[in-house]
Amino acid sequence: VLYRKRFWVLEANAVISRKTWSEQMNRQTGSALSVDFDQARQFDPPIGVAVDVRPGIRRLVAPNPSPFTFRGTNTYIVGTGRVAIIDPGPDDHMHAEAIDRAVAGQTVVAVIATHTHRDHSPLARAVAARYDAPTYGFGPHSHVRPALPDEQERLGRSNDVLFNPDVVVEDGDRIEGDDWALTVVHTPGHTTNHICLAHEGTGALFSGDHVMGWSTTVVAPPDGSITDFVASLDKLASRDDRFYLPGHGDELANPAAFVRRLAAHRRQRGEAILDTLKAGERTIPNIVDRIYGRIDPRLSGAAGLTVLSYLEDFVGRGHVTAEGGPGMAGIFQLSS
Ligand SMILES: [Zn+2]
């Protein structure tokens with residue numbers, strides 16, 4: 001692996017140079033196991049114009065670029081005559097019009113959400129109503145544990161609590177049209193209701209926000225769970241999908257090997273957090289400082305949520321105790 005001009009991304013989606021990253025990792029953990037996003041960050045798609053990804057699969061990028069959505073949300077159109085729309089995207093009239101243009105002359109028969117974040121599912125209601133098509137999803141937004149008072153505002157900003165699918169799907173269910181079929185793969189972790197969709201014939205897996213090529217995924221309690229997230233990575237690593245089509249960014253080749261690296265990276269991050277507790281750190285801000293070093297203050301909040309996700313996992317397994325409850329303000333220490 002080359003050490004120059006490589007870009008790396010924190011769970012907080014902050015881009016930092018690999019040198020800085022590996023120095024931080026070396027200082028904290030004695031090794032530098034990281035994930036390479038360099039090539040995928042070249043992705044520069046047209047916005048609002050559907051492009052062919054494979055025969056029978058088109059990608060339409062929404063006009064919502066940001067540090068958390070990269071170039072924007074990928075909406076996928078599956079099939080040729082009677083089509084499915086995967087992740088209609090944010091509630092944005094420009095994107096609704098772009099979908100209209102992309103499906104002109106075709107019949108929309110299914111509107112599917114991979115999960116209920118505001119950049120993926122809100123437009124589902126309007127698109128489904130316009131084409132009189134049912135919505136599909138694992139279920140409404142839900143939490144692993146009740147939300148704490150100081151989490152409400154953030155959750156309100158990021159979650160689409162109005163999505164309630166007409167058709168509730170489960171792991172292994174098939175959704176099919178005339179010239180396409182999708183199999184549901186439940187992958188909780190980023191959200192409890194996150195699904196991937198395996199496209200029969202091409203070997204594509206629509207991976208939503210569970211696996212992306214440009215960044216690691218934010219896993220934030222109480223709707224996200226690192227325990228579930230890593231288990232879902234292991235589940236994908238055991239499949240033989242040929243490539244992934246993520247919710248943000250370009251397609252991913254050799255996905256099983258990539259997913260195994262992601263899982264190893266997450267496990268190592270957990271070990272590094274335990275090491276900071278062994279070294280005497282007790283609070284999330286101090287652990288973030290030790291693990292991530294000096295990072296952009298705008299991103300330290302997301303880094304803190306990732307650390308909280310691990311700590312909640314450790315508390316759940318009895319490895320760590322939390323005074324004042326396992327929230328962002330908790331005081332943590334290793335169980336004796
Ligand atoms: Zn998401």
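The structure displayed is predicted, hence computed values, not measured ones. Counting starts at 1 for both ligands and their atoms, following the listed order.
Excluding waters, the set of protein N, O or S atoms lying under 2.8 Å from the Zn ion (ligand 1) comprises H115 NE2, H117 ND1, H190 NE2, D209 OD2.
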- Item | Derivation and outcome, salt bridge (Lys or Arg N to Asp or Glu O under 4.0 Å), residues R267 and D234 | CA-CA 12 Å; R267 290 193 169 94; D234 290 342; 2.7 Å; yes
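No donor-acceptor pair closer than 3.5 Å links the side chain of E151 to the backbone N or O of P149. Looking at T75, its side chain does come within 3.5 Å of a backbone N or O of D87 through a donor-acceptor pair.
In this pair, H117 and H141 present their aromatic rings tilted. The plane angle is within the 30 to 60° band. Ring orientation note: the planes of H190 and H194 are nearly perpendicular, at an angle over 60° on the 30°/60° scale.
A cation-pi arrangement, defined by a distance under 6.0 Å to the six-membered ring centre and an angle within 45 degrees of its axis, is present between R54 and F243.
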